[in-house]
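Everything quoted here is computed from the prediction, not taken from an experiment.
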Amino acid sequence: MEDPKSELKIPTMAQMAAEGKEPELLFWVGCAGSFDERAQKITRDICKILQHVGISYAVLGTEESCTGDPAKRAGNEFLFQMQAMTNIEVLNAYAVKKIVTGCPHCFNTIKNEYPGLGGSYEVIHHTQLIQQLIDEGKLKAEGGESFKGKKITFHDPCYLGRANNVYEAPRAALEMLDAELVEMKRCKSNGLCCGAGGAQMFKEPEKGNKEINAERIEDAINANAQIVASACPFCMTMLSDGVKLKEKEQAIQVLDVAELTVRANGL
């Protein structure tokens with residue numbers, strides 16, 4: 001039986017509006033966070049963090065639809081604008097001001113593409129929120145799993161790092177774990193794509209000598225990392241597949257920054 005403490009009560013914007021309440025922030029779940037089984041675990045952990053620190057939040061539920069990022073990156077600007085305008089209408093109807101996302105693709109699109117279409121919001125990625133909560137002393141690595149002596153490396157998602165210059169927030173969140181933070185040779189602005197960005201997630205790779213995610217996991221192996229920390233559901237899929245390709249499931253774990261935070265805090 002589940003611990004009642006871990007029971008998640010996640011309100012929708014519609015429910016809160018019906019009660020005349022306005023949440024502090026909207027959690028934008030995203031397609032992967034909603035439908036991908038692995039990413040759903042990360043979604044739950046982000047909710048656990050929000051609940052633990054007492055932030056009033058809500059989700060759109062069935063009113064949320066794809067941000068349009070894959071359509072735009074695949075070259076279908078018309079479909080992107082249709083998807084974006086639908087979301088902006090919903091967000092503006094609820095007078096949403098602040099949004100946290102679990103996906104760098106959603107983060108980048110809502111933050112940088114939506115203002116030009118009439119949707120201006122304060123948008124933060126979940127690693128930035130975690131860093132803020134650590135800085136405020138609301139999250140401490142206590143009462144949970146210890147990562148002491150473990151080597152953790154962080155894989156920079158392209159749409160978080162190079163596209164938006166968010167490099168330090170995820171690393172600050174990992175520094176709290178008392179683990180040894182090791183960097184891969186290709187990191188930060190020189191990071192290597194997992195191979196799924198730009199809508200590549202939804203098509204077969206072109207013919208070549210090696211899968212990009214296998215190459216990326218080789219970087220993690222060379223850094224002697226036992227845990228590869230991710231902050232993107234696309235990266236999570238690609239890195240996990242890379243670990244399988246290299247038959248390193250026993251040696252390397254791929255975990256999201258939110259999952260590591262939840263484990264360290266015993267949530």
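Here the closest non-hydrogen pair linking P23 and S56 is CA-OG, 3.2 Å. The two atoms that bring S65 and N87 nearest to each other are OG-OD1, 3.0 Å, heavy atoms only. Considering every non-hydrogen atom in both G102 and I46, the closest pair reads CA-CD1, 3.8 Å. Residues T67 and Y114 come closest through the heavy atom pair O-OH, 2.8 Å. Across R162 and N190, no two heavy atoms sit closer than the pair NH1-C, 4.1 Å. Taking all atoms of both residues into account, the shortest heavy-atom contact from E22 to K97 is OE1-NZ, 3.4 Å.
Summarising the geometry, atom CG belonging to D219 is positioned 6.0 Å from atom CD belonging to E215; distances are rounded to the nearest 0.5 Å. A distance of 4.0 Å separates CG of D69 from OG1 of T109, quoted to the nearest 0.5 Å. Atoms CD and CG, on E64 and L91 in that order, are 8.5 Å from each other to the nearest 0.5 Å. The structure places CE of M184 at 12.5 Å from CG of N224, a figure rounded to the nearest 0.5 Å. For the atom pair CD of E175 and CD1 of I152, the computed distance is 11.0 Å after rounding to the nearest 0.5 Å. Note that CG of L260 is 10.0 Å distant from NZ of K150, once rounded to the nearest 0.5 Å.
Atom CD of E19 sits in a crowded spot, with more than 12 heavy atoms from other residues, nucleotides or ligands closer than 6.0 Å. The number of heavy-atom neighbours closer than 6.0 Å to NZ of K185, taken from other residues, nucleotides and ligands shown, is 12 or below. Heavy atoms of other residues, nucleotides or ligands lying less than 6.0 angstrom from CE of M85 number 12 at most. Counting non-hydrogen atoms of other residues, nucleotides and ligands closer than 6.0 Å to CD of Q250 gives a total of 12 or fewer.
For the pair I227/K151, no side-chain contact is recorded, criterion being any heavy-atom separation below 4.5 Å from C-beta on. Looking at L117 and Q81, their side chains come closer than 4.5 Å, going by heavy atoms from C-beta outward. Taking 4.5 Å as the limit, some side-chain heavy atom of Y57 sits within range of a side-chain heavy atom of C47. For the pair L26/M13, a side-chain contact is recorded, criterion being any heavy-atom separation below 4.5 Å from C-beta on. Within the 4.5 Å cutoff, the side chain of L25 has no heavy atoms near those of the I99 side chain. Residues V243 and V254 form a side-chain contact, since some pair of their non-hydrogen atoms from C-beta on lies under 4.5 Å apart. In this structure, L50 and L129 have side chains that are in contact, with non-hydrogen atoms separated by less than 4.5 Å. With contacts defined as side-chain heavy-atom distances shorter than 4.5 Å, the pair Y167/S189 qualifies.
For D156 (side chain) and K188 (main-chain N/O), a donor-acceptor pair under 3.5 Å exists by modelled atom type. For Q226 (side chain) and Q253 (main-chain N/O), no donor-acceptor pair under 3.5 Å exists by modelled atom type. The closest donor-acceptor contact from the side chain of D36 to the backbone of A39 lies under 3.5 Å. A donor-acceptor pair is defined here as one N or O able to donate and one able to accept, closer than 3.5 Å; such a pair exists between the side chain of N265 and the backbone of K140. Put simply, the side chain of T153 gets close to the backbone of V182: a donor and an acceptor are under 3.5 Å apart. Under the 3.5 Å distance criterion, the side-chain polar atoms of T12 are left unmatched by any main-chain donor or acceptor of V59.
Put simply, the residue from C232, C158, C235 that forms a side-chain contact (heavy atoms from CB on, under 4.5 Å) with P104 is C232.
Ring geometry for H105 against Y159 counts as tilted: the plane angle lies between 30° and 60°, on a 0 to 90° scale.
Hydrophobic clustering of Ile, Leu, Val, Met, Phe, Trp and Tyr side chains at less than 4.5 Å, counting indirect connections, unites L133 with L8. In the hydrophobic clustering of this structure, I134 groups with F147; members are Ile, Leu, Val, Met, Phe, Trp, Tyr whose side-chain heavy atoms approach within less than 4.5 Å, directly or through other members. Hydrophobic clustering (ILVMFWY, side-chain heavy atoms < 4.5 Å, transitive): I42 and L60 are in distinct clusters. The hydrophobic cluster containing V29 does not contain M16, counting ILVMFWY residues as joined when their side-chain heavy atoms lie under 4.5 angstrom apart, directly or transitively. Cluster annotation: L255 is connected to I217 through the hydrophobic network of ILVMFWY side chains, with a link wherever side-chain heavy atoms come within less than 4.5 Å.
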Mind running side chain to side chain contact (heavy atoms under 4.5 Å, CB included) on L239 and R216 for me, showing each step along the way? CA-CA 8 Å; L239 295 168; R216 190 52 168 158; 3.8 Å; yes
Using the side chain to side chain contact (heavy atoms under 4.5 Å, CB included) rule, take W28 and V100 through it: C-alpha gap first, then chi angles, then the decisive distance, then the call. CA-CA 6 Å; W28 186 276; V100 64; over 6 Å; no
Side chain to side chain contact (heavy atoms under 4.5 Å, CB included) between K210 and E218: does it pass, once the steps are laid out? CA-CA 11 Å; K210 193 195 282 184; E218 282 172 16; 3.0 Å; yes
Please test T101 against V123 for side chain to side chain contact (heavy atoms under 4.5 Å, CB included), starting from the C-alpha separation and ending with a verdict. CA-CA 8 Å; T101 75; V123 190; 4.1 Å; yes
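Salt bridge K244/E249: absent, no basic N to carboxylate O contact under 4.0 Å. A salt bridge links D45 to K48: one of the charged nitrogens lies within less than 4.0 Å of a carboxylate oxygen. The residues E259 and R38 are annotated as salt-bridged, a charged nitrogen and a carboxylate oxygen being separated by less than 4.0 angstrom. Residues E113 and R73 are paired through a salt bridge, judged by an N-O separation under 4.0 Å between the basic side chain and the carboxylate. K111 and E122 are not joined by a salt bridge, as no carboxylate oxygen comes within less than 4.0 angstrom of a charged side-chain nitrogen.
With sequence neighbours excluded, no residue forms a salt bridge (Lys or Arg N to Asp or Glu O under 4.0 Å) with K248. Contacts of S146 classified as side-chain contact (heavy atoms from CB on, under 4.5 Å), with partners at least two apart in sequence or in another chain: K148. Shown here are the ring pair (Phe, Tyr, Trp, His ring centres under 6.0 Å) partners of H155, two or more places apart in sequence or in another chain: there are none.
N108 and N164 form a side-chain donor-acceptor contact under 3.5 Å, judged by distance and modelled atom types alone. A donor and an acceptor atom, one from each side chain of H126 and D256, are located under 3.5 Å apart.
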